[in-house]
There are 2 protein chains.
Amino acid sequence: MEEREDLGAMVFRLGRLLLAMEQPILDRHGVSMWAYAVLTALRESPMRTQAALAAGIGADKTRLIPVLDELQKRGLIEREPDPSDRRVRLLDLTDAGRQVHQAIQSEVRAGEADLLAAFPPADRDGFLRALIALTKR
Amino acid sequence: MEEREDLGAMVFRLGRLLLAMEQPILDRHGVSMWAYAVLTALRESPMRTQAALAAGIGADKTRLIPVLDELQKRGLIEREPDPSDRRVRLLDLTDAGRQVHQAIQSEVRAGEADLLAAFPPADRDGFLRALIALTKR
DNA sequence: TATTGTTATACTCTATAACTATA
DNA sequence: TATAGTTATAGAGTATAACAATA
């Protein structure tokens, strides 16, 4: 345990590994990683502004716009001006969007399960508990 | 445990957290993240080619060159043509390089310890064991 | 001809600043 | 004047391709 790499180096490599696992799934569904992040955030709950959505997923609001354009064009999200303040855009998933998110996520979870399958349950649980706690907003 | 985020999302956020923790340390020593990765790799063992070093740390060989230029200029690495094959550059740390790496790493490890301090030892060990296993090359 | 390192170039991603429309 | 969203622009980071030196 004392000869381990820095946490940062390991987390960075694990990120790349996970991305390589997820990319083919996303490609199959024609959805970028940011688009998937948007679908995931909106599945939790609708959003009242694009800025809040951007902040929630750690993206710049300007780079979300082409993503939202595409998702809207494909009918995966609703995005309409709030009648009570027409500057803001109310965002929500459509049924089709919910369906696409569900399809992607179940494949992603299966891939994750494969990666974690080899570990003793205690290590796996500790890993997930620590990861969840470290990334609590 | 069932309502958790995707692994990728959590690992991505943890990566940003760790980067934010490390950046001030690196800045204080005037070393970029890639430069620190180079120092770390060379501390394990000297390298016979720049291409091997690049592959080892998951970087493109072309983007390593300015990093190596800078490290050499600062006297932190040795980089000389192999007399037996003058195409290749033999790479190694200088004493000064070893010293800088050691200083940075000890600060980074202290920061990591802070982040992990709150967890029960069992979770912390499981976390590290799983992380090490997942990133074994 | 193949390989190592280097340089030049182009491409992607991201952030900054300027603009519009509403309030 | 202030805010949400959009567009235009520039900057950083990265990869691709061409080049020089050596084998």
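A quick note: this is a predicted structure, and the numbers were derived from the prediction, not measured. Reminder, nothing fancy here: chain letters follow the sequence lines and each chain counts from 1.
Within residues 59-81 of chain A, the residues approaching DNA chain D are A:K61, A:T62, A:I65, A:R79, by heavy-atom distance under 4.0 Å.
The interatomic distance linking A:D82 (CG) with D:dG5 (P) rounds to 10 Å, in whole Å. We find that CZ of A:R48 is positioned 12 Å from C1' of C:dA23, with the value rounded to whole Å. Computed from coordinates, the B:R89 CZ to D:dA21 P distance equals 12 Å when rounded to whole Å. Going from atom CD1 of B:I57 over to atom P of D:dT14 covers 11 Å, rounded to whole Å. Atom CD in B:Q50 sits roughly 8 Å away from atom C1' in C:dT4 (whole-Å rounding). Summarising the geometry, the separation between CD on B:Q23 and P on D:dA12 is reported as 14 Å, rounded to the nearest angstrom. Whole-Å rounding puts the A:F12 CZ to D:dG13 C1' distance at 11 Å. The distance from atom CZ of B:R86 to atom P of D:dA21 is 12 Å, rounded to the nearest whole Å.
Between A:R16 and B:I57 the shortest heavy-atom distance is NH2-O, 3.7 Å. Residue A:R48 comes nearest to A:D82 through the heavy atom pair NH1-OD2, 2.7 Å, listed as atom of the first residue, atom of the second, then distance.
Ion pairing of B:R109 with A:D6 is present here, as a side-chain N (NZ or NE/NH1/NH2) and a carboxylate O approach within less than 4.0 Å. In summary, A:R79 and A:D69 engage in a salt bridge, as defined by a charged side-chain N under 4.0 Å from a carboxylate O. Classification of A:E80 and A:R86 as a salt-bridged pair fails, no side-chain N sitting under 4.0 Å from a carboxylate O.
A close approach under 4.0 Å does not occur between any side-chain nitrogen or oxygen of B:W34 and OP1 or OP2 of D:dG13.
Counting distance only, with no hydrogens placed and no angle test, the side-chain atoms of A:R87 and the base atoms of D:dT3 include a donor-acceptor pair under 3.5 Å.
Between A:H101 and A:Y36, the ring planes are parallel. Angles under 30° get that label, and only those over 60° would be called perpendicular.
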